[in-house]
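Structure, as structure tokens:
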Protein chains: 2
Amino acid sequence: MKKIVNRPEKMVTQMLNGIVYAHDEKLERIKGTGVIYRKAISKGKVAVVSGGGSGHEPAHTGFVGKGMLAAAICGPIFVPPTPEEVFQGIAISDQGFGVLLVIKNFEKDVESFLEGRRLALDKGHQVAYVIVNDDCSLEENSFQKRRRGVAGTVFVHKILAAAAENGSTLDELAELGKKVVRASNTLGLALSPAVVSEEHQAQFHLAEDELSFGVGIHGEPGYRIEKLHSSERLAIELVNKLKNHYQLAKGDQFALMVNGLGGTPLMELYIFTNDVRRLLELEGIKVVFKKVGNYMTSYDMKGLSLTFLKIEEEHWLDWLNEPVEVYGW
Amino acid sequence: MKKIVNRPEKMVTQMLNGIVYAHDEKLERIKGTGVIYRKAISKGKVAVVSGGGSGHEPAHTGFVGKGMLAAAICGPIFVPPTPEEVFQGIAISDQGFGVLLVIKNFEKDVESFLEGRRLALDKGHQVAYVIVNDDCSLEENSFQKRRRGVAGTVFVHKILAAAAENGSTLDELAELGKKVVRASNTLGLALSPAVVSEEHQAQFHLAEDELSFGVGIHGEPGYRIEKLHSSERLAIELVNKLKNHYQLAKGDQFALMVNGLGGTPLMELYIFTNDVRRLLELEGIKVVFKKVGNYMTSYDMKGLSLTFLKIEEEHWLDWLNEPVEVYGW
């Protein structure tokens, strides 16, 4: 296990310091916290705020900046921030028009963000939220096996923040968030687990020739392990499963994201994208927006996820296309 | 060795198809070649064109677009494109004001690009070039051990292309290119070699606790192997060696790039950046521009490089800061 780190317990703090240094014209940190906020938060607008455990870089700091998030609230690796940090992230972002929290659907994330919201409500802030559960690898929605929030969260950030920038109110954004989440589905696959440090043991084991479909961004179990064949076969599995979540009709338009989990070379992401392209062309599925790269990673996990977002309203596409000044989009 | 690929001999073609699909509003490919060009090449300007072997993604296709390259000419993995492809890349980019080639200083790249240039000169194109040799890990400049072109090439692209966009002539750009290259120094280190496919054997071997300083982007030998300690110690080695290449004076301004080689998580790149920050602050070295990310990779090599560029003229900084529409900057 070779790592470019210093002491493991300092990883997140030192990373956040590095991020603020590299982007010091735009980003600032509330000292002693995991809150990274935009120096020049848009006035007169609802602030969109997100966060969660670290280890998903560029999520979430890479989406803080003009046209996107007002702040990212970062916890330890794969652990959500505290309610107090969530409160501080809300307080520093609120320009008097309310704060919309984007929360990924993990039990502890939801708990911590909602408790932080309660603290903020007590202080007179208006705070709405949207819970993202785009991961469709789990059919059941039980306590143990609920749909998780994964790469589709990045589309949710982008659309909601652009809508906020264009003057949507807090209530409108909460409503829009639910719609965008319902229109989003993501499926991931892993070839190897994240290896973060000695303390974080491997989250699962795969043989030298195996992959697992449906693994989550913290190594949550997937739905099937099989032998790794070709990019094309992976694309067939993911595209077929994803398209079943939509009632396809002529004229439907989709956005797609091919998201690397941190340890997959860009060349492989584009090879996979090419296989997805061929399948979508065969199916006659019209794609009007595409992102390929590392957006919601799991440290250095080898693997990728594929997200479909059905563009249900034409301005969603405009909002995806609006320029932003962030380092991770 | 787990890869998301189909047949190894199709990797580059399928990747290029994926890239053109993902960015089809901006990029186009000359069929049957490794030439990826900008659909809307700026009229009335010198075109800046680069390229080399594939496996360095996002270099070089990620720098093609408004404000940056007119075309990237891509060879097989770690192998330069043919002279005929270089010629085609020049021909499609030339808007009548000449083409500037940016060539990394590897023997076969230089041969192929200069032969392609000769083909273009024969057809009446004006073609100048700049050879980038920012890698300062090798002191000697013999045939076998010459300074190679590595991540500093990305700064050269950015500055020359912005200057071209602002109306610089071909001769001015060739002169500017030499200056920027002389002001650039890069040092890399590797924790593990790139593992591309069964055919590409590992380029070097390191024990479980070793790293190598000075390894090149194709696995060319470095200058020292030692045991891996901390990010801080790596930063001390690279910063000390790099600063010795400059006669530091008060008021000097630098741009820096922390470049991942493909297999290093973004968290580690930012931790290392934070260590570089502390050293530069101690030294009183003023940094006015920073980039942290994967720009000039070696497929999935674990490791990074650090580039210093002394800002010798104030407008170099303006040119670094000008917005671009490319996927890799």
Calculate, to the nearest 0.5 Å, the distance between atoms OH and OG1 belonging to A/Y270 and B/T61 respectively.
6.5 Å

Please rank B/E208, B/R278, B/K291 by heavy-atom pairs under 4.5 Å with chain A and give me the top one.
B/E208

Is the backbone N or O of A/K3 less than 3.5 Å from a side-chain atom of B/E268, with the two atoms forming a donor-acceptor pair by type?
no

Less than 4.5 Å to any heavy atom of chain A: does that hold for the side chain of B/F289, its backbone, both, or neither?
neither

Of all of A/D275, A/V292, A/L269, which one pairs up most often with chain B through heavy atoms under 4.5 Å apart?
A/D275

Measure the CE-OH distance between A/M267 and B/Y299 for me, rounded to the nearest 0.5 Å.
6.5 Å

Are A/L266 and B/T297 packed together at the side-chain level, in the sense that at least one heavy-atom pair is separated by less than 4.5 angstrom?
no

Chain B contacts, top residue of A/E57, A/K302, A/K2, A/M1 (heavy-atom pairs, under 4.5 Å)
A/K2

Where does A/N294 contact chain B at under 4.5 Å (heavy atoms): side chain, backbone, both or neither?
neither

Tell me which of these, B/L189, B/T273, B/L191, has more heavy-atom pairs under 4.5 Å with chain A than the rest.
B/L191

Heavy-atom distance under 4.5 Å to chain A: side chain of B/L256, backbone, both or neither?
side chain

Please output the residues of residues 225-235 of chain B in contact with chain A, using a heavy-atom cutoff of under 4.5 Å, in numerical order.
B/L228, B/H229, B/S230, B/S231, B/E232, B/L234

N/O donor to acceptor pairs below 3.5 angstrom from side-chain atoms of residues 8-15 of chain A, sequence neighbours left out:
| residue | atom | partner | partner atom | Å |
| --- | --- | --- | --- | --- |
| A/E9 | OE2 | A/R7 | NH1 | 3.1 |
| A/Q14 | OE1 | A/N6 | ND2 | 3.0 |

Within residues 258-265 of chain B, the residues sitting under 4.5 Å from chain A by heavy atom, in sequence order, are B/T264, B/P265

Looking at A/K39, I want to see if its NZ is surrounded by more than 12 non-hydrogen atoms of other residues, nucleotides or ligands under 6.0 Å.
yes

Inter-chain contacts: residues 19-30 of chain A against chain B, heavy atoms under 4.5 Å:
A/I19, A/Y21, A/A22, A/H23, A/D24

Give, as side chain, backbone, both or neither, the part of A/L16 having an atom under 4.5 angstrom from any heavy atom of chain B.
neither

So which part of B/P58 gets closer than 4.5 Å to some heavy atom of chain A, the side chain, the backbone, both or neither?
both

Any side-chain heavy-atom pair of A/I4 and B/I271 under 4.5 Å:
no

